[in-house]
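Notes follow the structure.
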Amino acid sequence: ILKNNIFFNEQSFLNSATSLAYSLYVPSGYVFAQINNNDYFGASIAPTTYYVGYNGTNRATLADWQTAYPADNMSLSIDPLFTSSTDLHIVSNTCLNQGGMPIANVTDDYDGQLRSTTLPDIGADEFTGTDVTFAFTETSGVANNDGIICSGATVTFTTTNGSSYLWSTGATTSGIS
């Protein structure tokens, strides 16, 4: 079982003209019994090139990795924002907060704190985060916000408590219409 882990790799092998770094490296044809709800994060620091994973082929992005392992569809590729390079606690990360799946025999985090039995955090540290909230506003039905949305009408979607926003339209504000 490979669930709820953070694989963080920002190594740079300065002694080499070119080198590779991976979050996960498995042999070609490797089959995971269960894999999901992980965070694969790294950075290419010259002369080292970062790849999310390797399984006989270099997998440059999370999407490339998920093509090889479709069951890993709830995993992320974001900076976990550790407290420091020597303190791997997470102060707050809305994407990792409650992003894991319960594992029956994993009841405590790495420093003894009780893990959530329903929505554990991704990573070894169970932390108290801020939940992202969503609100929809529409005025096209019989009454405002009645859930009836007429064809061609505008609906405003607003979020709060996120650290950054990127909508499919390219907008980076906390709400779009």
Side-chain angles (χ1 to χ4, degrees), residues 1-11 21-26 32-45 50-53 59-138 145 147 155-177:
I1 295 176
L2 191 62
K3 290 185 174 183
N4 305 343
N5 296 286
I6 297 173
F7 297 96
F8 183 93
N9 191 343
E10 287 188 330
Q11 295 183 54
Y22 302 91
S23 283
L24 201 55
Y25 192 100
V26 296
F32 289 95
Q34 294 181 38
I35 183 171
N36 212 354
N37 301 86
N38 297 298
D39 180 25
Y40 308 103
F41 183 78
S44 293
I45 301 171
Y50 169 76
Y51 291 93
V52 168
R59 304 292 177 169
T61 66
L62 179 59
D64 293 340
W65 179 258
Q66 290 169 327
T67 297
Y69 295 101
D72 203 9
N73 64 339
M74 296 297 292
S75 288
L76 306 167
S77 183
I78 61 162
D79 188 343
L81 304 172
F82 292 123
T83 301
S84 72
S85 61
T86 58
D87 182 352
L88 302 182
H89 287 92
I90 298 172
V91 176
S92 182
N93 188 315
T94 54
C95 294
L96 302 179
N97 184 41
Q98 300 179 349
M101 291 295 295
I103 301 173
N105 59 346
V106 180
T107 57
D108 298 324
D109 75 357
Y110 78 107
D111 54 5
Q113 292 174 306
L114 191 63
R115 289 186 69 87
S116 170
T117 58
T118 56
L119 293 169
D121 298 330
I122 293 176
D125 182 33
E126 189 74 14
F127 60 94
T128 302
T130 304
D131 294 334
V132 176
T133 59
F134 305 94
F136 298 89
T137 306
E138 57 81 16
N145 299 315
V155 175
T156 301
F157 182 63
T158 307
T159 62
T160 55
N161 297 327
S163 57
S164 64
Y165 307 93
L166 178 59
W167 303 100
S168 61
T169 62
T172 57
T173 59
S174 65
I176 60 170
S177 294

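Bear in mind the structure is a predicted one, so any value in this text is a computation, not a measurement. Note: hydrogens, waters and symmetry copies are ignored here, and every other heavy atom, side chains too, is used.
The residue from Asp125, Thr83, Leu81 that alone fulfils the side-chain contact (heavy atoms from CB on, under 4.5 Å) condition with Val91 is Thr83.
Taking the side chain to side chain donor-acceptor pair (under 3.5 Å) definition, one finds that Tyr110 meets it with His89, sequence neighbours left out. Scanning for side-chain contact (heavy atoms from CB on, under 4.5 Å) contacts around Tyr25 gives Tyr22, Tyr54, with sequence neighbours left out. With sequence neighbours excluded, the residues forming a side-chain contact (heavy atoms from CB on, under 4.5 Å) with Val106 are Ile103, Arg115, listed by chain and number. With sequence neighbours left out, Gln113 forms a side chain to side chain donor-acceptor pair (under 3.5 Å) with no residue at all. Judged as a side chain to side chain donor-acceptor pair (under 3.5 Å), and not counting sequence neighbours, the contacts of Thr61 are Asp64. The side-chain contact (heavy atoms from CB on, under 4.5 Å) search around Ser84 returns Thr86, Asp87, not counting sequence neighbours. Tyr69 is linked by a ring-ring contact (aromatic ring centres under 6.0 Å, His included) to Phe32, Trp65, counting only residues two or more places apart in sequence or in another chain. Residues satisfying the side chain to side chain donor-acceptor pair (under 3.5 Å) criterion with Asp108, sequence neighbours excluded, are absent altogether. Partners of Ser44 according to the side-chain contact (heavy atoms from CB on, under 4.5 Å) rule, which considers only residues two or more places apart in sequence or in another chain, are Thr49, Tyr50.
Looking only at distances, a side-chain donor or acceptor of Asn93 sits under 3.5 Å from a matching main-chain atom of Asp79.
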Would you give me the side-chain donor-acceptor pairs under 3.5 Å for residues 35-42, sequence neighbours excluded?
| from | atom 1 | to | atom 2 | distance (Å) |
| --- | --- | --- | --- | --- |
| Asn36 | OD1 | Asn73 | N | 3.4 |
| Asn36 | OD1 | Met74 | N | 2.7 |
| Asn36 | ND2 | Ala71 | O | 3.2 |
| Asn36 | ND2 | Asn73 | OD1 | 3.2 |
| Asn37 | ND2 | Gly99 | O | 2.9 |
| Asn38 | OD1 | Asn4 | N | 3.2 |
| Asn38 | OD1 | Asn5 | N | 2.9 |
| Asn38 | OD1 | Asn5 | ND2 | 3.3 |
| Asn38 | ND2 | Leu2 | O | 3.0 |
| Asn38 | ND2 | Asn36 | O | 3.2 |
| Asn38 | ND2 | Tyr40 | OH | 3.4 |
| Asp39 | OD1 | Ile78 | N | 2.9 |
| Tyr40 | OH | Asp72 | OD2 | 2.6 |

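Glu126 and Leu114 make their closest contact through CG-O, 3.6 Å (heavy atoms, listed as atom of the first residue, atom of the second, distance). Residue Pro70 comes nearest to Thr67 through the heavy atom pair CD-O, 3.9 Å, listed as atom of the first residue, atom of the second, then distance. Of all heavy-atom pairs spanning Phe82 and Ile6, the tightest one is CZ-CG2, 3.9 Å.
Here CG of Asn97 is found 9.0 Å from CG of Leu119. Values are rounded to the nearest 0.5 Å.
Residues Leu96 and Ile90 are in side-chain contact: their nearest non-hydrogen atoms beyond the backbone lie under 4.5 Å apart.
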